[in-house]
Amino acid sequence: MDMQTNKKKLGLKEKYAHMTRGLDWETSYQSMDKVFPQATFEGIKIHDWDKWEDPFRLTMDSYWKYQAEKERKLYAVLDAFAQNNGHLGITDARYINAIKLFLTGISPLEYVAHRGFAAAGRNFPGVGPRVACLMQSLDEVRHAQTQIHALSNYNKHYDGFHDFKHMLERVWYLSVPKSFFDDAFSSGPFEWMIAIGFSFEYVLTNLLFVPFMSGAAYNGDMATVTFGFSAQSDEARHMTLGLECIKFMLEQDPDNLPIVQKWIDKWAWRGIRVLTLVGMMMDYMLPKRVMSWKEAWEIYFEQNGGALFGDLARYGVKVPECITQCTIDKEHISHQAWATFYQYGGAAAFHTWMPTDDEMDWLSAKYPTSFDKYYRARFTYWRDEAAKGNRFYTNTLPMLCQVCQIPMLFTEPDDPGQICYRESDYEGEKYHTCSDGCKKIFDDEPQKYIQAWLPVHQIYQGNCFPEGTDPTVEGFNPLAKVLEWYHLEHGKDNLDFEGSRDQKNFDTWRGLATKNT
Ligand code: FE
Ligand code: ZN
């Protein structure tokens, strides 16, 4: 039996208030402090949660409607891509390695972002950020799912896509993005919001998404472009949440400024270190390049970020202090990272190669002061040696930075010929970091970073072999056992692109699709 209701239409703002703010209540038989134990330990002071301005007045019902619509479109494109063998339309099969890096290094972290925003939402006593975090949490789980679905089509045809979740937990270079999120997730809710909501979503997201998505577009990968767009339309909301959150902290109490500034400095640096992988992807892994890492850095960080920090200056916020170092690094990091992956190509879950002469010319043009001077000769030498059958692999494991977990591959700010490392003493032990930026982070919270799970240390301690492995047997091959433990199949997932199964299959299938045989 239908009830007669008064059909007064509510305005959007009113409706939103009813559906969000009105849901909050004060506790009675437990103190609020006990219910929200994480709200104060970081030192951030909030006096009035009602001052929070919701950046997006989005109710759950309209949220589901928008997202469902996007989902329908995305899956229609994915279906068409799969049905039409869209994977054969990419520029060349080297490109596929860029999306292996994405699936193993980024997509599982969308899932961690989902958990992190759910936790932040739970831990904020204010109802405004709680609702915003809940929606972002849902967005993030959707990002993880749509990326996995989109890239699963490649898994039917190519190597290296088969066990991304497992690999994230174990493979050496994947500990770089993993530790970034672990660090954020194991901090309090306010630091999480600066780390992910502000630094990552607001300051650095364009440097991650634009290169991968325009890289996909330039290289004919419609599936990736489409999930990129689908995620990117949530990004506007995420960015606004990050910005609102930082402004809210700064407006609530002047004592919050130094804490917030410290987090901005820390997370800008940590984020930029992770983005080394993106820089390398842009300069070396895309057969058809979009722009250089350096150009992307200049547009999305120096210009856009400069405007943002100009805006935040009225709160007393300063540009992150790592910028001087980053201005030097933009000339080098992508080359140094690719050189490292090439040398450790036996232990990576994607293929590596040396650039062709044309590609080296492109690099010289984009990096007129650094590429020819420091990298070209080394790369040419390795390429020539490989052609003679002397492919160079490094057989020892590198020292890792205790904070960003990147191998010591970066150079001194004032000497690109000298590997940079810093040392800290803590409780009688020595710890190593890759830079002044990482050392500062370590020294500020050594108790946290001494717990880091460093892949190389773990390998040397014998913790990265399959169960039941006996390392004392004659002819023991530690690398083979580590790869087994990674679920990485030697000869298929790793080594050179040249001669790989991916290369052969792609050429054969494309030949079948485009020629009479
Ligand atoms: Fe996301
Ligand atoms: Zn570091």
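Just the heavy atoms: all of them, side chains too, but no hydrogens, waters or symmetry mates, feed the values below.
In this structure, Phe341 has its ring center under 6.0 Å from that of Tyr173. Checked against a 6.0 Å centroid threshold, the rings of Tyr374 and His335 do not count as neighbours. The distance between the ring centers of Phe212 and Phe227 does not fall below 6.0 angstrom.
Contact check on Arg72 versus Glu69 returns a salt bridge, with a Lys/Arg side-chain nitrogen under 4.0 Å from an Asp/Glu carboxylate oxygen. In summary, Asp283 and Lys294 do not engage in a salt bridge, as defined by a charged side-chain N under 4.0 Å from a carboxylate O. One finds no salt bridge joining Lys439 and Glu423 here, because no Lys/Arg side-chain nitrogen approaches an Asp/Glu carboxylate oxygen to under 4.0 Å. The pair Lys440-Asp443 does not count as a salt bridge, with every side-chain nitrogen at least 4.0 angstrom from each carboxylate oxygen. Ion pair Glu169/Lys165 flagged as a salt bridge, since at least one NZ, NE, NH1 or NH2 atom sits closer than 4.0 Å to an Asp/Glu carboxylate oxygen.
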Worksheet item: Does the pair Thr340 and Gln343 meet the rule for a side chain to side chain donor-acceptor pair (under 3.5 Å), with working shown?
Response: CA-CA 5 Å; Thr340 306; Gln343 293 173 73; 4.8 Å; no
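Legend: ring pair (Phe, Tyr, Trp, His ring centres under 6.0 Å) pairs involving residues 298-317, not counting sequence neighbours, sorted by first then second residue: Trp297-Phe301.
Residues Asp493 and Phe350 form no side-chain contact, since every pair of their non-hydrogen atoms from C-beta on lies 4.5 Å or further apart. Here the side chains of Asp48 and Asp50 are in contact, with some heavy-atom distance below 4.5 Å.
The aromatic rings of Tyr111 and His114 are tilted relative to each other, their planes meeting at an angle between 30° and 60°. Using the six-membered ring where Trp is involved, Tyr449 and Phe442 have ring planes that are tilted, between 30° and 60° apart.
Under the ring-ring contact (aromatic ring centres under 6.0 Å, His included) criterion, Trp267 pairs with Phe180, sequence neighbours left out.
Note that Arg122 lies outside the cation-pi zone of Phe117, set by a 6.0 Å cut-off to the ring centre and a 45° limit from the axis.
Tested against Phe124, the residues Trp49, Trp52, Phe36 include a single ring pair (Phe, Tyr, Trp, His ring centres under 6.0 Å) partner, Trp49.
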